[in-house]
Amino acid sequence: MAKGTDKLMLIDGNSIIYRAFFAIPPLTNSSGLQTNAVYGFTTMLLKVLEEEKPSHILVAFDAGKTTFRHEGYAEYKGGREKTPPELSQQFPVLKDLIRSFSISQYELPGYEADDIIGTLSRLAEEEGREVVVVSGDKDLLQLASDKVTVLLTRKGVTEVEKYAPEDVNARYGLKPEQIIDLKGLMGDPSDNIPGVPGVGEKTAVKLLQEFGSVENVLDNIPNLKGKLRENIENNVDNARMSKQLATIFREVPLDRTVDDVAWSGYDAASLATALRKLEFKSLMERLDLSGADAGSGELAKAEIEYETIIVGDDAGGWEQLDASLPDADTLIIEAAGDNPHASEGIGLAVMADSRCFVLAFPQLKSEKAEALLTWLSDPEAAKAGYDLHRAELVLARAGIKLCGQTFDVQLAAYLLDPTEADPSLTGLLQRHGLPSVASDESVYGKGAKFRVPPTEELAAHLAAKADAVRRLKPVLEDELERLNMSKLYHELEQPLAVVLAGMELQGIKCESGTLQELGKDFQARIEGIMSDIYQQAGTEFNIGSPKQLGEILFDKLGLPVIKKNKTGYSTDAEVLEKLEPYHEIVRLILHYRQLAKLQSTYIEGLLKEIRQDTGGKIHTFYRQTIAATGRLSSQYPNLQNIPIRLEEGRQIRKAFVPSEPGWRILGADYSQIELRVLAHISGDDRLKEAFLQEMDIHTKTAMDVFGVPKEQVDANMRRSAKAVNFGIVYGISDYGLSQNLNITRKEAGAFIEQYFSVFQGVRKYMDTIVEQAKQDGYVTTLLGRRRYLPDIRASNFNLRSFAERTAMNTPIQGTAADIIKLAMVRMDEALRERNLQSRMLLQVHDELVFEVPEEEFETMKVLVPQVMESALELDVPLKADVSFGSNWYEAK
DNA sequence: AGATTCACG
DNA sequence: ACGTACGTGAATCTG
């Protein structure tokens with residue numbers, strides 16, 4: 001869109017969306033979302049953009065329910081119909097769309113959109129700029145001046161009427177600044193502004209033409225007569241107050257300037273994607289965007305703006321590659337298989353300006369690859385890529401150190417929407433309306449059909465990926481900036497990726513002998529229990545088959561059915577525990593299950609993962625882009641769920657030992673990090689006090705909830721309080737708590753009520769966060785990590801309730817994740833700075849595991865908790881407990 | 001491939 | 001009235 005001369009456009013978002021909602025017949029897109037108000041707003045927006053060609057734009061919104069106007073007059077806007085849910089649903093949709101237009105938006109609690117517009121227009125006027133205000137509300141006419149024009153929507157939203165001061169005069173016979181006097185006299189039923197009864201527009205205008213202002217009218221009451229005089233006499237205060245209410249406040253403390261809202265047009269691709277999602281096809285055509293949208297079916301052919309050069313000992317091209325390396329900035333590493341510690345490299349692509357160099361992976365061994373290896377390992381050579389964490393591991397397995405990772409589109413995309421199910425480059429491109437690349441599956445095949453295609457085809461695919469990274473990078477960087485996550489990305493997640501790769505490559509030593517010994521023991525007991533079970537059942541069957549087990553328990557033995565699932569009887573542990581009193585076999589089955597799990601998942605599973613080539617170590621792979629809350633996850637194998645709760649399983653931890661003689665395992669875990677985070681973000685005084693006094697939090701909760709002194713808290717009370725605390729963190733419901741404590745829903749409800757009456761700040765937080773999620777459509781952590789909750793406004797009770805609990809839980813769990821991630825990055829720095837040999841090996845959500853040489857025991861015992869506790873300053877102290885052991889079992 | 005079960009925080 | 005606790009990964013059975 002052509003850039004206009006210097007002109008600021010200020011749009012009254014609330015007013016226009018309301019108008020549009022009532023003016024446009026209900027439209028619904030295929031996913032059931034009503035979009036009429038967004039559609040109406042957009043058509044209006046396109047029209048005014050085209051006609052006015054502004055250089056700066058801001059859309060202002062009302063924020064929250066109460067404003068400073070309510071302080072003087074609580075009934076302000078009272079008696080209004082509640083905003084229909086079909087409309088309030090559309091607010092977040094509209095706000096997203098405005099973002100896709102790259103247009104600024106602003107709202108500030110306590111002020112209305114009018115006030116924001118009034119203030120920014122004043123600032124612009126003072127700078128001598130031209131201003132256009134767009135609204136459906138004629139109150140805004142008071143802003144008209146020789147610099148400020150007001151566009152009012154007329155029937156519907158697409159037609160607008162232009163008001164310069166002389167137009168205001170022509171229409172009302174008044175000067176713009178008299179509009180507030182007009183309101184003062186005639187009032188405004190829609191805002192519940194009283195005015196003077198019996199005075200409508202005509203009388204008000206007549207009075208103002210004679211006396212000029214409300215104040216002057218009031219001074220001249222003696223000169224009036226009859227009913228009019230009586231009405232005004234009786235409503236002097238009303239008139240004054242009404243005028244005040246109608247006056248736009250032009251001194252709002254904005255943290256934006258006119259320059260901040262500069263607009264240089266929209267990005268066609270982003271807008272196309274957004275409009276396609278909304279199914280606004282006519283608008284896409286009107287803007288000629290169909291071609292800009294990669295997801296539109298008829299795929300826009302990517303204009304190939306780069307040259308693909310195959311490099312290799314047979315193909316040549318080394319000199320050209322070496323000459324281009326100073327300009328190289330994009331790297332793709334392709335490997336076969338999901339586990340990067342056990343994947344063969346296929347190839348790599350390096351992009352420099354308009355040249356993309358592609359090599360088969362083995363070419364890295366060529367003596368001509370020296371310059372390339374230097375580039376890969378050069379921390380000063382910045383590299384963008386896709387899943388560089390994985391790339392670092394694959395390269396490391398080939399003996400090559402990767403440095404200089406500065407931007408990873410997969411990681412960035414995860415921060416922008418951690419719940420997006422499709423993390424592939426192909427999916428990412430589609431969502432951003434960029435030219436697509438072939439899916440890996442279509443190039444390589446899947447499962448048994450996996451094959452590496454001929455060189456030409458492979459090269460084209462890798463080059464297309466490198467090109468895609470290059471296109472995505474600026475788009476994602478902008479989005480991170482806009483959503484205030486740049487710092488989170490560059491200072492936390494990106495450095496963490498490198499720290500994780502280091503931990504994974506280091507690995508943790510695991511003694512196969514210890515596992516095998518345990519396994520023999522488990523095996524003997526499993527066999528014993530199996531024969532007992534067969535005896536009890538009177539027949540042999542597959543105990544591991546829930547179907548066969550169900551038949552034995554419920555059909556043959558006639559035990560009561562507690563719960564059913566899709567496929568038949570449920571036989572999970574919860575059900576079996578309830579069945580224990582009925583038959584001896586139940587206890588045996590529970591024990592069998594427990595041992596079978598240990599044997600298959602932990603003994604056999606871990607044995608398979610021990611690598612001889614790295615000295616009997618296990619190398620997990622932490623995934624940084626999976627968990628919706630910001631937590632890490634661990635795969636191949638999962639080292640975040642090694643047994644601990646039951647003693648039999650806990651023995652497994654004895655196999656995890658230091659990799660050097662004389663070293664020890666150090667475990668450090670945060671104490672109650674989630675409840676401490678809750679104390680901080682809710683600001684609840686009692687909860688904060690509990691942590692400031694370093695009390696046992698569950699005992700303290702029991703004291704407060706049951707209203708008894710410490711001595712009278714028995715084990716059962718503490719257990720209940722503990723369950724309530726868990727429930728609070730998970731987003732509590734009476735049903736969930738009742739299940740956990742095996743009590744009635746009513747009793748659980750009473751517990752919760754009692755808790756909230758004591759911890760009122762927590763109740764307030766829970767209410768506020770859900771409300772905020774409904775308003776914004778997302779929640780955030782302390783570091784600004786964001787999670788969208790599309791179901792928060794669902795009419796389906798289950799979906800909505802789930803989203804509400806998620807809204808309560810995610811800021812807590814996510815902030816705890818932020819904190820330990822920060823601690824890990826700092827810990828890595830601290831180890832380097834001090835030249836320590838100790839190594840950080842594992843992270844288990846609130847725990848870090850290290851291996852430490854003897855001479856560093858004392859240092860680490862102090863350093864680790866110090867770094868963990870100071871990772872982020874909260875209103876309550878963070879606490880980390882440390883312990884040493886000769887294996888992971890003992891470090892408790 | 002999807003469901004079930006269970007290990008962890 | 002509605003019926004779930006929040007977040008993961010792995011093994012196994014089944015259709």
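Note that this is a predicted model, so its numbers are computed, not measured. Below, chain A is the first sequence line, B the second, and so on; all start at residue 1.
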_Strictly below 4.0 Å: does A:Ser545 bring a side-chain N or O up to OP1 or OP2 of C:dT14?_
yes
*Is any side-chain nitrogen or oxygen of A:Arg645 closer than 4.0 Å to OP1 or OP2 of B:dA7?*
no
*Same-atom distance (P) from C:dA5 to B:dC6, integer angstrom*: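 C:dA5 and B:dC6 have their P atoms separated by 14 Å.
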*Can you tell me, in whole Å, how much space there is between the P of C:dT4 and that of B:dA3?*
15 Å
_Closest nucleotide among C:dT12, B:dT5, C:dA5 to the A:Ile732 side chain_ = C:dA5
Base, sugar-phosphate or nothing for [X]? Non-hydrogen atoms, less than 4.0 Å.
{"X": "A:Asn641", "answer": "base"}
{"X": "A:Gly731", "answer": "nothing"}
{"X": "A:Thr810", "answer": "nothing"}
{"X": "A:Asn565", "answer": "sugar-phosphate"}
{"X": "A:Tyr735", "answer": "base"}
{"X": "A:Gln813", "answer": "base"}
{"X": "A:Ile644", "answer": "sugar-phosphate"}

*A:Asn542 has an atom CG; how far is it from atom P of C:dG15, in whole Å?*
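Whole-Å distance recorded here is 13 Å.
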_Gap between atom CG of A:Leu678 and atom CE of A:Met766 - 0.5 Å precision_ = 5.0 Å
_Tell me which nucleotide, if any, is Watson-Crick or G-U wobble paired with C:dC2 when both distances must be under 3.5 Å._
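Pairing partner: none.
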*asked:* Quick check on DNA chain C: between A:Phe802 and A:Arg745, whose nearest nucleotide comes earlier from the 5' end?
replied: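 It is A:Arg745, whose closest nucleotide lies nearer the 5' terminus.
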